[in-house]
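Remarks on the structure that follows.
Positions are given from 1, in the same order as the sequence printed here.
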Amino acid sequence: MQAAFHVRGLTRPVRSLARRVAGTLAAAVARGPAVAAILQFRLGSLQGSYAANAAAVAPAAAAVSLSLIGLESLLGHPGFGLDAAANCHMCDQTPYCHLSAAHPT
């Protein structure tokens, strides 16, 4: 029973889908400025307006999180794997993926 509680508590601490979506959107609003600040001021990988960068990062963070919530609510635990595969596939389609250390040229 303890293992079942641990898995259930890990994947669904909030049972209501509406509350999970609301929490994810609130976290994305907080995550956007934080990630943009790190990328722009600490790492120097973003240029331009900080406010515009934060406004662009927040929906991207929300999209990743909401796709995970949606697939997990529809498919259960296999939704985690499907979301990981979909996100990795989308990452491979970017023009910058061949510039990373994982894909030396």
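- L46 CG to I38 CD1: the interatomic distance, rounded to the nearest 0.5 Å, is 11.0 Å.
- Under the side chain to side chain contact (heavy atoms under 4.5 Å, CB included) criterion, A37 pairs with F41, Y50, not counting sequence neighbours.
- Smallest separation of non-hydrogen atoms from P33 and A30: CD-O, 3.6 Å.
- In this structure, the side-chain hydrogen bond (donor to acceptor under 3.5 Å, both in side chains) partners of S65, at least two apart in sequence or on a different chain, are R31.
- Between the CZ atom in R20 and the CG atom in L68 there is a gap of 8.0 Å [rounded to 0.5 Å].
- In the hydrophobic clustering, where aliphatic and aromatic side chains (Ile, Leu, Val, Met, Phe, Trp, Tyr) are joined below 4.5 Å either directly or transitively, V29 stands alone.
- The list of side chain to side chain donor-acceptor pair (under 3.5 Å) pairs with a residue in residues 38-48, not counting sequence neighbours, reads Q40-N53.
- Screening residues 53-74 for ring-ring contact (aromatic ring centres under 6.0 Å, His included) gives no qualifying pairs among residues at least two apart or on separate chains.
- Across every non-hydrogen atom of A36 and V57, the tightest pair is CB-CG2, 4.4 Å.
- V64 and L71 fall into different hydrophobic clusters, where Ile, Leu, Val, Met, Phe, Trp and Tyr residues are linked whenever their side-chain heavy atoms come under 4.5 Å apart, directly or through other members.
- Under the rule for a side-chain hydrogen bond (donor to acceptor under 3.5 Å, both in side chains), the partners of S67 that lie at least two apart in sequence or sit in another chain are D83.
- Scored by the side chain to side chain contact (heavy atoms under 4.5 Å, CB included) test, L25 finds V21, A62, L66 as partners (sequence neighbours excluded).
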